[in-house]
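What follows is a short report on a single structure.
Within every chain, numbering begins at 1; the chains are lettered A, B, ... in the order of the sequence lines, protein sequences first and strands thereafter.
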Protein chains: 2
Amino acid sequence: MNTDNTKSQMRKGMLEYCIMLLLRQQPCYANDIIQKLHEADMIVMEGTLYPLLSRLKRDGLLGYEWRESTQGPPRKYYVLTDDGHEALAQLDASWEEILRTVNILKS
Amino acid sequence: MNTDNTKSQMRKGMLEYCIMLLLRQQPCYANDIIQKLHEADMIVMEGTLYPLLSRLKRDGLLGYEWRESTQGPPRKYYVLTDDGHEALAQLDASWEEILRTVNILKS
DNA sequence: TTAAGTACCTTGCGATACAAGGTATTCATA
DNA sequence: TATGAATACCTTGTATCGCAAGGTACTTAA
């Protein structure tokens, strides 16, 4: 059975949205994001996260700043840019649309 | 801006779920599915749908039967198998989990 | 017999999640 | 001072999947 595969497929496209939702609330560095998404029942791997953050940065949706850590090397804290907030608003709309679609199909 | 791309990414993983939701209600052939999903605000292309249906069939989640058409060649009507219903129930759970995740991240 | 419509399917491409592996910095300890 | 562990960032290779484009086959009507 490929249910696990499908399940991960369902989560796939949601990742970018979820990460931006998280960053809307507070700046985070990679391990923050992994942990907080995990607490919200969404698993994300390092090898997935770093390229995704780089892409969002390259597209101008995220910025970052280095912050010293009390333990270990400095951390890259990512923040939503203005463009990022704008894009996220559109993704909110897309999410509502998906909600609507699923509700229609379930009714 | 890559919002359109992200939007389609968000829909990506949902397609399989939406198609199975649709088939839970009634047997459909390809053009039925495309049209009904369209009515529910979800766009799906032929080149996407056929391989997906074949895969679900191969995995034993769907079956099909040929039915004559009053206009044109016969149609392949797909139906959920018992395994399909079972898998769909698990996807329902996954969907609830994603709902929960997004709600947590939005709060 | 030919053209249009309908239906099913395949191929090639781009995007992306993931596993595995790699580099660099910090700090504690031998 | 040297070394090992912990932390943090990043890259590479693979598999999967949606999509655009193109192809095959059957039916009906002109």
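Nucleotide D:dT7 holds its P atom 13 Å from the OH atom of A:Y50, rounded to whole Å. At whole-Å resolution of the value, CZ in A:R11 and P in D:dC17 are 16 Å apart. Going from atom CD of A:E16 over to atom C1' of C:dA15 covers 11 Å, rounded to whole Å. At whole-Å resolution of the value, CD1 in B:I34 and P in C:dA7 are 10 Å apart. A:E68 has its CD atom 15 Å from the C1' atom of D:dC9, to the nearest Å. Rounded to an integer number of Å, the gap from CE of B:M10 to P of D:dG18 is 16 Å. B:L49 has its CG atom 13 Å from the P atom of C:dA7, to the nearest Å. Whole-Å rounding puts the B:M14 CE to D:dC17 P distance at 15 Å.
Across the interface with DNA chain C, nearest-nucleotide mapping of B:T48 and A:M45 shows B:T48 to be the residue nearer the 5′ end. Annotation: of the two residues near DNA chain C, B:W66 and A:G72, the 5′-most nearest-nucleotide partner is B:W66. Of the residues near DNA chain D, A:P51 and B:T70, the one whose nearest nucleotide (by heavy atom distance) lies more toward the 5' end is A:P51.
Between B:L105 and A:L37, the closest side-chain pair of non-hydrogen atoms falls below 4.5 Å.
At least one side-chain nitrogen or oxygen of B:R55 sits closer than 4.0 Å to the OP1 or OP2 atom of D:dC17.
With hydrogens and angles disregarded, a donor-acceptor distance shorter than 3.5 Å links the side chain of B:Q25 to the backbone of A:S107. At distances below 3.5 Å, not a single donor-acceptor pair connects side-chain atoms of B:Q9 with backbone N or O atoms of A:K12. Remark: side-chain polar atoms of B:T81 are paired, donor with acceptor, to backbone N or O of B:L61 under 3.5 angstrom.
In the set C:dT26, D:dG18, C:dT6, the nucleotide with an atom closest to the side chain of A:P73 is C:dT26. Candidate nucleotides C:dC8, C:dA17, D:dC9 were compared by shortest atom distance to the side chain of A:K76, and D:dC9 ranks first. When distances run from any side-chain atom of A:L15 to the nucleotides C:dT10, D:dC9, C:dC18, the shortest one goes to C:dC18. When the nucleotides C:dA7, C:dC9, D:dA8 are ranked by their closest atom to the side chain of A:R75, D:dA8 comes out on top. Across C:dA17, D:dG18, D:dA8, the shortest atom-to-atom separation from the side chain of A:Y29 is found for D:dA8. Closest to the B:A30 side chain, of the nucleotides D:dT11, D:dG18, C:dC8, is C:dC8. Between C:dT25, C:dC8, D:dT16, one nucleotide has an atom nearer to the side chain of A:K12 than all others, and that is D:dT16.
Environment of CG in B:N103: crowded, with over 12 heavy atoms of neighbouring residues, nucleotides or ligands closer than 6.0 Å.
Among the atoms of the strands shown, only primed sugar atoms or phosphate atoms (P, OP1, OP2) are found under 4.0 Å from some heavy atom of A:Q9.
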